[in-house]
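Side chains are part of it too, since the values below use all heavy atoms of this structure and drop only hydrogens, waters and symmetry mates. Chain letters run A, B, ... following the sequence lines, proteins first, then strands; residues in each count from 1.
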Amino acid sequence: MGDFDLSSSFIPSLHKPSSLLPTARHRESLLYLIETFPVTIVVGQTGSGKTTQIPQYLDQAGWCADGKIIAVTQPRRVAATTVATRVAEEMRCILGQEVGYSIRFEDLTSAATRIKFLTDGLLLREALIDPLLSRYSVIMVDEAHERSLSSDVLLGVLKKIRKRRPDLRVVVSSATLQAEDFLRFFVGDSADHGGTGSEIGGSVGRIISLEGRMYPVDIHYLEQPAEDYVERAVKTVFDIHSNEPDGDILMFLTGREEINTVIELIADRAGSLHAKAQSIMPLPLYAGLTTEQQIYVFEPSPENTRKVIVATNIAEASVTIDGIVYVIDCGYVKLRAYNPTTGIETLTATPVSKASATQRAGRAGRTKPGKCYRLYTEQAYTTLDEATIPEIQRSNLAPVILQLKALGIDNIARFDYPTPPPAELVIRALELLYSLSALDDYAKLTKPLGMRMAELAVEPMMAKVLLSASAFGCLSEMLSIAAMTSLQGAVWFYHDGSKETTESARRKFAVEEGDHLTLLNVYQAFVTKGKKEAKWCRDNYLNFKSMTRAVSIRNQLTRYLERFGVRIDDLSASKDVLRAGGPDKAEQIRRCLTTGFFAHAARMQPDGTFRTVSGGTALHAHPSSLMFNRKADWVVFHEVMETGNKTFIREVTKIEKGWLVEYAPDYYQVKR
DNA sequence: GAGCACTGC
């Protein structure tokens, strides 16, 4: 490894008896701070035990008296369930009793629950029913440094609630870098500013640091920039393999295509390894794989074999793999961003932030001292941003604004976010919500339409469609379509080398009018012919986990609509649902889609690409779409996304031009 | 003729 420049940094380890965890030494100070100040920022590295221990200390200290609950939010569903299980074990109680969790589709809590783990998105939903979150004495927002859309909004809402609930205690867990920012956020412009000067927190809050437990990780940089990091990554694998002791390798790349390339290259070159040498086993890991395809990375390496896990950013925080000693970091990540001028989302490979690079390196030091090879120079490292731009500054904010309005926060411009989004994003969101009639001329939430749209767990355009559907007599169908589009493309799975079979499997479900009706067909087949079985899915190249999820989503949406008093027409008895309601059922569905997706209308050009009414860039039907190689005139689409140099539309359905003016007269008069 | 990083309600 001669061409790597060696410098070191120490990143602290995991799974120790709880009495030995660093948090235990800080128990009294933690409890004192939380008792004394409304806001406590906890800087706790991996292995500090903050997530599992702090709620137990709080419970023991009496924060659950009078039936109050301690809430701990997590950014991901798995985190909420696994941490709750662990704490229930430590407290020797049955999960769902004193300790429980609540995530979408699963509520394992009871009247006895004192400590509740939940996703941050779900706690925000609870605020719709209980605006002051009055059931909770303490709310701990874990992993706030990840800056997810919902944790940022939650922090803003908690800051507001705090003013009306002096008894509420907020605990924010953060990485070092952002701790002061979070504290300043809670202090800023606050009624009880005050304080003694030197402390930023004043009377509002304090920061407490808990050391983590990890092994040191040596960081190695390239001396010269790599011309091709894919090639360089493969070389590094073999350098490690021939020169370094046992231990598995985790490699960070940006996406599926790159991962497959690297896996092939490693497999090719592994053939020329010494016959007696330890063998090498490359394994892919990215979200698009099915559960069965993912489990291999978690199994211990076979005898005399070194695993090389080639992963996307999924391995940075969402998924933890034991036995990793070496990390190879390409220095890039694919990030989504929303352009408020064009309304187009981009997905682009971007240099990682320093915080991200540190997190990736830390994956090497969980079980013993490790090494991290960065495929860039130390000079390049110094130019990286400190932290990734928060989602709230690069997302379509229509769902966020709708949610805030539903929480009674009318003055969107003055809402206090941890970092405010650009005004253009807010304006674009307000315009869209107005065009969908979710907001009135005074930007007030309309009732019941806007309020119901906020309550439905689908994006505003689809929410509008669902709420129009019974008038078109296609509510049952639209519920299935909404559930299927919520899967965001994860309907089919892709198997290398079997493209043709995948295509022919898909063709079986194809419906001339477009992708939405095709998705409906798939859903119907899964619940009838397929009997909701995994085997049927495999035979048809469908992702079983996704299909099961679609059933749950559909059930949940159905319950919401029933609560709104909308009658669900039952068509479950008919075999051919599309034609069951008469020959124009498909047309009703397409008309209904237009009532929500009129702003996503486009017309096919002679060259086969699409243009919106306002012109703009050429839109290509995504290769996964039925419209990829078919003729069409006017269409509506679910989503538009730019990847590489092309802009793709996904989930495309044929409509009539006249419907646009019929269902969105204001929108289309202005445009022409 | 060619493909979606990752979460969440």
Query raised in the report: At under 4.0 Å between heavy atoms, what does A:E639 touch on the DNA or RNA strands: base, sugar-phosphate, or nothing?
Result: base

Query raised in the report: How would you label the contact of A:S148 with the nucleic acid (heavy atoms, under 4.0 Å): base, sugar-phosphate, or nothing?
Result: nothing

Query raised in the report: What integer distance in Å separates A:W492:CH2 from B:dA2:P?
Result: 21 Å

Report task. Please determine, for the side chain of A:K646, which listed nucleotide (B:dG3, B:dA2, B:dA5) has the closest atom? Result -> B:dA2

Report task. Under 4.0 Å between any heavy atoms, over every strand shown, what does A:Q488 touch: base, sugar-phosphate, or nothing? Just pick one. Result -> base

Query raised in the report: B:dA2 P sits how many Å from A:N260 CG, rounded?
Result: 18 Å

**Report entry** Side chain of A:R650 - closest among B:dC4, B:dG3, B:dG8
**Finding:** B:dC4

Report task. Take atom CZ of A:F648 and atom P of B:dG3, then tell me their distance rounded to the nearest Å. Result -> 5 Å

Query raised in the report: A:L335 side chain: which of B:dG3, B:dA5, B:dC9 is closest?
Result: B:dA5

Report task. Write down the distance between CD1 (A:I553) and P (B:dC9), rounded to a whole number of angstrom. Result -> 10 Å

Report task. Taking the six-membered ring for Trp and the single ring otherwise, decide whether the centroids of A:F415 and A:Y417 are under 6.0 Å apart. Result -> yes

Query raised in the report: Across the strands shown, which category fits A:L456 at heavy-atom distances under 4.0 angstrom: base, sugar-phosphate, nothing?
Result: nothing

Query raised in the report: Think A:H620 has a side-chain N or O under 4.0 angstrom from the OP1 or OP2 of B:dA2?
Result: no

Query raised in the report: What about the rings of A:H620 and A:F610, do their centers lie closer together than 6.0 Å?
Result: no

Query raised in the report: Nearest-Å distance, CG (A:L402) to P (B:dC9)?
Result: 17 Å

Query raised in the report: For A:P448, what residues pass the side-chain contact (heavy atoms from CB on, under 4.5 Å) criterion, not counting sequence neighbours?
Result: A:R452

Query raised in the report: Looking for any heavy atom pair under 4.0 Å, which part of the strands does A:D120 touch: base, sugar-phosphate only, or nothing?
Result: nothing

Query raised in the report: Salt bridge between A:E455 and A:R125, side-chain N to carboxylate O under 4.0 Å?
Result: no

**Report entry** Position toward the 5' end of DNA chain B (nearest nucleotide), A:N629 or A:Y560
**Finding:** A:N629

Report task. For the side chain of A:A287, starting at C-beta, report the closest nucleotide among B:dT7, B:dC9, B:dG1. Result -> B:dT7

Report task. State, without any angle test, whether A:R650 and A:Q488 hold a side-chain donor-acceptor pair at a distance under 3.5 Å. Result -> no

Query raised in the report: Contact class for A:T312 (heavy atom, under 4.0 Å): base, sugar-phosphate, or nothing?
Result: sugar-phosphate

**Report entry** Gap between atoms CZ and P, on A:R76 and B:dA5 respectively (whole Å)
**Finding:** 18 Å

Query - Nearest-Å distance for atom pair CG/P, residues A:N396 and B:dC6 - result: 20 Å

Requested in this report: May I ask you to verify whether the side chain of A:R336 and the base of B:dC4 hold a donor-acceptor pair under 3.5 Å?
Outcome: no

Query raised in the report: Which of these nucleotides, B:dG8, B:dG3, B:dA5, is closest to any side-chain atom of A:K334?
Result: B:dA5

**Report entry** Residues in side-chain contact (heavy atoms from CB on, under 4.5 Å) contact with A:S150, at least two apart in sequence or another chain
**Finding:** A:D120, A:L124, A:S148

Query raised in the report: With sugar-phosphate meaning primed atoms plus P, OP1 and OP2, does A:L122 contact a base, only sugar-phosphate, or nothing at under 4.0 Å between heavy atoms?
Result: sugar-phosphate

Requested in this report: Report the nucleotide, chosen from B:dG3, B:dA2, B:dG8, that has the shortest atom-to-atom distance to any side-chain atom of A:F628.
Outcome: B:dA2

Query raised in the report: In whole Å, what is the span from the CD1 atom of A:I314 to the C1' atom of B:dC4?
Result: 13 Å

Requested in this report: Check every atom of B:dC6, B:dA2, B:dC4 against the side chain of A:P623 and return the nucleotide holding the closest atom.
Outcome: B:dA2

Query raised in the report: Think A:T254 has a side-chain N or O under 4.0 angstrom from the OP1 or OP2 of B:dA5?
Result: no

